[in-house]
Number of protein chains: 2
Amino acid sequence: MNLKELAEHLGLSPTTVSRALNGYPEVKETTRARVEAAARRYNYTPNAWAKGLATGRAMSIGHVMPVSKMHEMVNPVFGDFITGASEAYVEAGYDLKLTLVGDDDETARYRALSAKGNVDGIIVHGPHLTDRRIDLLRELGLPFVVHGRASEMPADYAWIDMNNRRAFDRATELLIELGHRRIALVNGLEHMDFAHRRRDGFLAALERGGIDADPALMRAGEMTEGLGFRAASDMLARPYPPTAFLASSMVTAMGIWRALAARGLTMGRDVSVITHDDDLGYLRNGEDVPIFTATRSSVRAAGRTAAEMLLRMIGDPGCAPLQTLMEAELILGQSTGPAPRPR
Amino acid sequence: MNLKELAEHLGLSPTTVSRALNGYPEVKETTRARVEAAARRYNYTPNAWAKGLATGRAMSIGHVMPVSKMHEMVNPVFGDFITGASEAYVEAGYDLKLTLVGDDDETARYRALSAKGNVDGIIVHGPHLTDRRIDLLRELGLPFVVHGRASEMPADYAWIDMNNRRAFDRATELLIELGHRRIALVNGLEHMDFAHRRRDGFLAALERGGIDADPALMRAGEMTEGLGFRAASDMLARPYPPTAFLASSMVTAMGIWRALAARGLTMGRDVSVITHDDDLGYLRNGEDVPIFTATRSSVRAAGRTAAEMLLRMIGDPGCAPLQTLMEAELILGQSTGPAPRPR
DNA sequence: GGAACTGCCCAAAGCGCTTTGATGGCGCAA
DNA sequence: TTGCGCCATCAAAGCGCTTTGGGCAGTTCC
């Protein structure tokens, strides 16, 4: 059933039917009601292609996810982020177009996405410290929101980010207050902006605490369970092992915990662990009592807000780039305790 | 830059340019080369909407993910599945359109997706034992592939599935051979088809081993870490605790492991654990040595195959529904060992 | 009573592409 | 020279929708 057929059924012109369905004021209310009833009855849905062609609006948002060549993995927070964003899209009648790209052909894919004209805006995932994608998108004139920031670039674009620096600063500070002096950082890849900022926060707190950073206690890599396990195993085998760990993700923290267990150490008593917790649906940090002391920030909420920001910018092309900074909460769990007395 | 402008630049008609770019035989090779060069130079990309409208093909595949109301979570295997599927789409020039739906409005969303005509096919995620979606899609006449099966429905649709029954049968058999008699199952929600089949396999192996299934040792729920922890904690507190666990996912197994650790039990010695391992990028089951003994099947490979099947079916509408059954491998890790002597 | 609105509806022109059905030019055989 | 077939190209129709620019009543205003 298309518009023309529907119009014939109703004895109206396509014009009027179109206007009735799109809420234009120049149709009589009784006519509109008739049209809407018929549309429902015949299960009429406007053809997306024709509509896109006629209006120039795609009613669709592109999400471009980098997929790491190394582990051929997509960031596990992605599912939650998308879930949040999708709520906003559904409400606004938008579709979500997903593109996964390897690091190589990325700019080409952005260009194509823009030229094909089948997205109204883009969400950029996983920004690096300097990120050419931002310049490219600005040049293409396509509205976009970055999930995260690119610290080394002028900040005149739209972004939503968690205050990574502050979060890790506070977490480190807490460990110092508990008496820890040998604190290890198991971070994400530090060319990724979020990881770089976390490192900054970590180092800032150490410095305030009068503690020299020890490169041997700092590790960065893709945030897998294995990274946590290997990093912790290595560090614990050293002459002056750390008494506390700061981890960039729950799965990494679980790897650290496994390494502790393998050495017969008890988390929260022998060794303290703080992790960042993205509040993922399938990997809650405990139910009533948190397992890990953690800096927590819901990535799902971030997804929803990012989508809302983008939709607002699409709706009002003149508006300045929106920016949102979310603060993480520091929640106390069972994985931290006072530093053990040096033996 | 659109087709008409490009044609004017070249002093050709839009017809010829279109044919040249789409590989039709009736243009001279030298002309084709000229056209292609110009297209590249002016960065011409055909407008997706116009193309879709003219051809009736959407060049886009819909993925419809149910998002569980209970934990507002999307299945964590999703990211990997999509990564696999996306490889096939990129090669074939297809887009991926993602729709997340709550359990309520699902049929409406499928109808809309079909009527809007902006997908050529659909991948159905998370089928239940009986699943109305399959009837609906058949009725809509849209090609589709189900990731999983719906056991209680006629199997004349296209699907790709892992042999869940066999996998859990073998895993249970292994535990029995190791001397375990009190074996617990911590499963996914059993109205989901995969979980139901795993349960069947588990029960079949118990029966062959002459062991009565104990309802107190069977738990089903959303496959979170918390489920594993709670189920194992409860069961271990019972008068006759299990000596082995079978878990439906890695995160659940990690929850079980945490419960063991909390009671001072060592996995692989005091209590054995086997899990299913979807071979997720960020949650590898150990690097060289597997942490868990596991039934393993790559969900990423499944995603890729599902996409290829769907594309083939779209390319050849006459072809019968394709079906693929993948076998899981049973890999030995450190989490299993002989049943301890009863005290 | 005529002019100027207003309310409701319609015809037709696009949007950018594909595809059908010509068209003109050229070589070749009769 | 005429006639035929083939090659390379083109004009125009159409995909299903929105939107511009009327048009025709009926109403209001001076």
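These values consider heavy atoms only, across backbone and side chains, with no hydrogens, waters or symmetry-generated copies. Letters A, B, ... are given to chains in the order of the sequence lines, protein chains preceding strands, and every chain is numbered from 1.
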Q: Sort out for me which residue in R133(B), R138(B), R132(B) forms a side-chain hydrogen bond (donor to acceptor under 3.5 Å, both in side chains) with D135(B).
A: R138(B)

Q: Figure out the NZ/P separation between K4(B) and dA13(D), and round it to whole Å.
A: 15 Å

Q) So what does T55(A) touch, heavy atoms closer than 4.0 Å: a base, only the sugar-phosphate, or nothing? A) sugar-phosphate

(Q) Nearest whole Å is fine: how far is dG16(D) P from E8(A) CD? (A) 12 Å

Q. Looking at dT19(D), dG16(D), dC17(C), which one has an atom nearest to any side-chain atom of N2(A)?
A. dG16(D)

Q) Would you call D120(A) and R57(A) a salt bridge, using N to O less than 4.0 angstrom? A) no

Q.
Are I61(A) and L311(A) packed together at the side-chain level, in the sense that at least one heavy-atom pair is separated by less than 4.5 angstrom?
A. yes

Q: Give the nucleotide from the list dG14(C), dG14(D), dT19(D) with an atom nearest to the side chain of A54(A).
A: dG14(C)

Q. In whole Å, what is the span from the CH2 atom of W49(A) to the C1' atom of dG14(C)?
A. 20 Å

Q: Determine, using ring centers only, whether Y44(A) and H9(A) are less than 6.0 Å apart.
A: no

(Q) From CG of L3(B) over to P of dA11(D), roughly how many Å is that when rounded to an integer? (A) 13 Å

Q) Strictly by modelled atom types, are N118(B) and K97(B) linked by a side-chain donor-acceptor pair under 3.5 Å? A) yes

Q: Indicate whether the side chain of T16(A) and that of S13(A) have a donor and an acceptor atom separated by less than 3.5 Å.
A: yes

Q. Contact class for G11(B) (heavy atom, under 4.0 Å): base, sugar-phosphate, or nothing?
A. sugar-phosphate

Q: Return no unless some side-chain N or O of S13(A) is found under 4.0 Å from OP1 or OP2 of dC10(C).
A: yes

Q.
If you only use heavy atoms from C-beta on, which nucleotide in dC17(D), dT20(C), dG16(C) is closest to the side chain of N47(B)?
A. dG16(C)

Q | Candidate nucleotides dC15(D), dA12(D), dC17(C), ranked by approach to the side chain of L53(B) - the nearest | A | dC15(D)

Q: Name every residue in residues 16-41 of chain A that has at least one heavy atom under 4.0 Å from any atom of DNA chain D, in order of residue number, or write none if there are no such residues.
A: S18(A), R19(A), N22(A), Y24(A)

**Q.** Close aromatic pair by centroid cut-off 6.0 Å: H125(B) and F81(B)
**A.** yes

**Q.** Distance in angstrom units between E5(A) CD and dG16(D) P, rounded
**A.** 8 Å

Q. How close or far is atom P of dC17(C) from atom CE of M59(B), stated in whole angstroms?
A. 16 Å

(Q) Rounding to an integer number of Å, can you tell me how far L12(B) CG sits from dC10(D) C1'? (A) 10 Å

Q | Separation of atom CG in N118(A) from atom P in dC15(C), rounded to whole Å | A | 19 Å

